[in-house]
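Read the structure below first, then the notes.
The sequence lines fix the lettering, A, B, ..., with proteins before strands; numbering per chain opens at 1.
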Amino acid sequence: MTFSNKLIQWYLYNKRDLPWRSTKNPYAIWLSEIILQQTRVDQGMAYYYKFLEHFPTVKDLALASEEQVLKLWQGLGYYSRARNLHVSAKYVYYTLNGVFPSTYNELIKLKGVGDYTASAIASICFNETTAVVDGNVYRVLARYFGIDTPINSTKGIKEFKSVAQELISVNDPGTHNQAVMEFGARLCKPQNPFCSSCPLNESCAAFEKKLIKNLPVKEKKIKIKKKYFNYIVIQTINNKTFLEKREEGIWLNMYQFPLIETSKIINEQQFIAHQKFSEIFTTTKVSVKLFNNEPIVHKLSHQHIYAKFWIVKTTSLKMAVLDWNEVEKLPVPKLIDNFLNQFNNN
DNA sequence: CATTCGTGGGA
DNA sequence: TTCCCAAGAAT
């Protein structure tokens, strides 16, 4: 039996019953693939249901505002996925007359759709023999064939894509692709894979040479930068506050309290002396109280944010136009959301 | 080509 | 605690 046949047979007996496996609607498959990028099934599941409920068709998504889409995506991370999802929905609805692209070459033109996602949709929905290469596929192929080319090198990306494309079943490429991924996620796991019960263990290079723990090879480590955020939480006596929209970098287009970013931790005197603080509270009499005595450490993939929330009470303020009960309607990063939950409980 | 983009689970 | 990494893509 071929590599593909063994995997598909394993898959048909062991696959999970996931909602996107009961449809071939390209819109729904697209949605699921975007949600699942760099995201575990357990984490993405609720979002898949939420999005289909709020936006049953690509038209519904196209007609929404970016703010609505970001709000629904809140908590899932990698928010460019949500922004690009919305951009592409508008492209399909307005430019393609609502007809979802049906080939790899057309799919990959969508923002947020790269080689993996185009291959997934093309194979699952339209039976095109385009092999997916995700983290699971890298691991399965690296181990089975004993390939030690770094999976995040240019050479490795091309090599694994080529190998995957050689292996794919022409008869049922969609099932083949999902079989490899499910196999990697459930049996050929990163840690403690179930090699003893693996249907491929008799021909697995890494198993034979005891290299399971060494494969796949990944080069380079990411550098973590430290950042120091001071949020100005305005609270007027008539229950108003203010949030600004982020215009660059992380959490783009999401909302936050006015931010003073510094190169190190600052105290109350330094906070009050900062230019942005004095710009906001020019002649206004205010009281300042630090909400969290110790900075909240918010860990992201490339940076650790040390955050302080400064509660600034004042009588009235021109810029404080947002009613406190309107805050929850805005899309905010997890760091702000966590703060709001604690703050509102006090 | 290297870096940047979140959040959470598991060892 | 710390590290890895999860149905990747854009810049």
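Comparing C:dC5, B:dG6, C:dA7 by their nearest atom to the side chain of A:R40 picks out C:dC5. With distances taken from any side-chain atom of A:N192 to the nucleotides B:dG6, B:dA11, C:dA9, the minimum falls on B:dA11. Here the nucleotide nearest the side chain of A:K225, chosen from C:dA7, B:dT4, B:dT7, is B:dT4. Among the nucleotides C:dC5, B:dT7, C:dG8, the one closest to the side chain of A:T117 is C:dG8. The side chain of A:Q191 lies closest to C:dC4, out of C:dA9, B:dT7, C:dC4. Checking C:dC5, B:dT7, B:dT4 against the side-chain heavy atoms of A:Y79 singles out B:dT7 as nearest. Listed nucleotides: C:dC5, B:dG8, C:dA7. Nearest to the side chain of A:A185: C:dA7.
Between the CD1 atom of A:I34 and the P atom of C:dA6 there is a distance of 18 Å, rounded to whole Å. One interatomic measurement links the two molecules: CD of A:Q74 to C1' of B:dC5, which rounds to 17 Å at whole-angstrom precision. With rounding to whole Å, A:I250 atom CD1 is found 17 Å from C:dT11 atom P.
Using a 4.0 Å heavy-atom criterion, one finds that A:G249 contacts the sugar-phosphate atoms exclusively. Contact annotation for A:L76: base contact, defined as any heavy-atom pair under 4.0 Å involving a base atom. Using a 4.0 Å heavy-atom distance criterion, A:L300 is classed as a base contact. Within the nucleic acid shown, A:S80 has no heavy atom closer than 4.0 Å to any nucleic acid atom. Here A:G75 lies in heavy-atom contact (under 4.0 Å) with sugar-phosphate atoms only. A:V132 comes within 4.0 angstrom of nothing in the nucleic acid, heavy atoms only. Across all strands, A:W73 comes closer than 4.0 Å to no nucleic acid atom at all (heavy-atom distances).
Atom P of B:dA11 sits at a distance of 15 Å from the matching atom of C:dA7, rounded to the whole Å.
Between the side chains of A:E128 and A:S123, not a single donor N or O lies within less than 3.5 Å of an accepting N or O. A donor-acceptor pair shorter than 3.5 Å cannot be found between the side chains of A:E219 and A:N152.
The shortest side-chain heavy-atom distance between A:Y91 and A:L96 falls under the 4.5 Å cut-off.
Within the 4.0 Å cut-off from OP1 or OP2 of C:dA6, not a single side-chain nitrogen or oxygen of A:Q38 is found. Contact check, A:R139 against C:dA6: a side-chain N or O comes under 4.0 Å of OP1 or OP2. In terms of phosphate contacts, A:S301 brings no side-chain nitrogen or oxygen within less than 4.0 Å of OP1 or OP2 of B:dT7. Of the side-chain N and O atoms in A:Q37, none sit less than 4.0 angstrom from OP1 or OP2 of B:dC5. Residue A:K223 has no polar side-chain atom (N or O) positioned under 4.0 Å from OP1 or OP2 of B:dT4. Listed pair A:W251 / B:dT7 meets the phosphate criterion, a side-chain N or O lying under 4.0 Å from OP1 or OP2.
Under the stacking criterion of a centre-to-centre distance below 5.5 angstrom and an interplanar angle below 30°, A:Y78 sits stacked against the six-membered ring of B:dG6.
Annotation: A:F100 is in aromatic contact with A:W30 [ring centroid separation under 6.0 Å].
At least one cation-pi condition fails for A:K90 and A:Y93: the charged atom is not both under 6.0 angstrom from the six-membered ring centre and inside a 45 degree cone around its axis.
Take the nearest nucleotide of DNA chain B for A:H298 and for A:K189: the residue whose nucleotide is more 5' is A:H298. Checking A:D42 against A:L252, the closest nucleotide of DNA chain B that is more toward the 5' end is the one next to A:L252.
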- Message: Applying side-chain hydrogen bond (donor to acceptor under 3.5 Å, both in side chains) to A:S169 and A:D172, what does each step give before you reach the verdict?
- Response: CA-CA 6 Å; A:S169 154; A:D172 199 346; over 6 Å; no
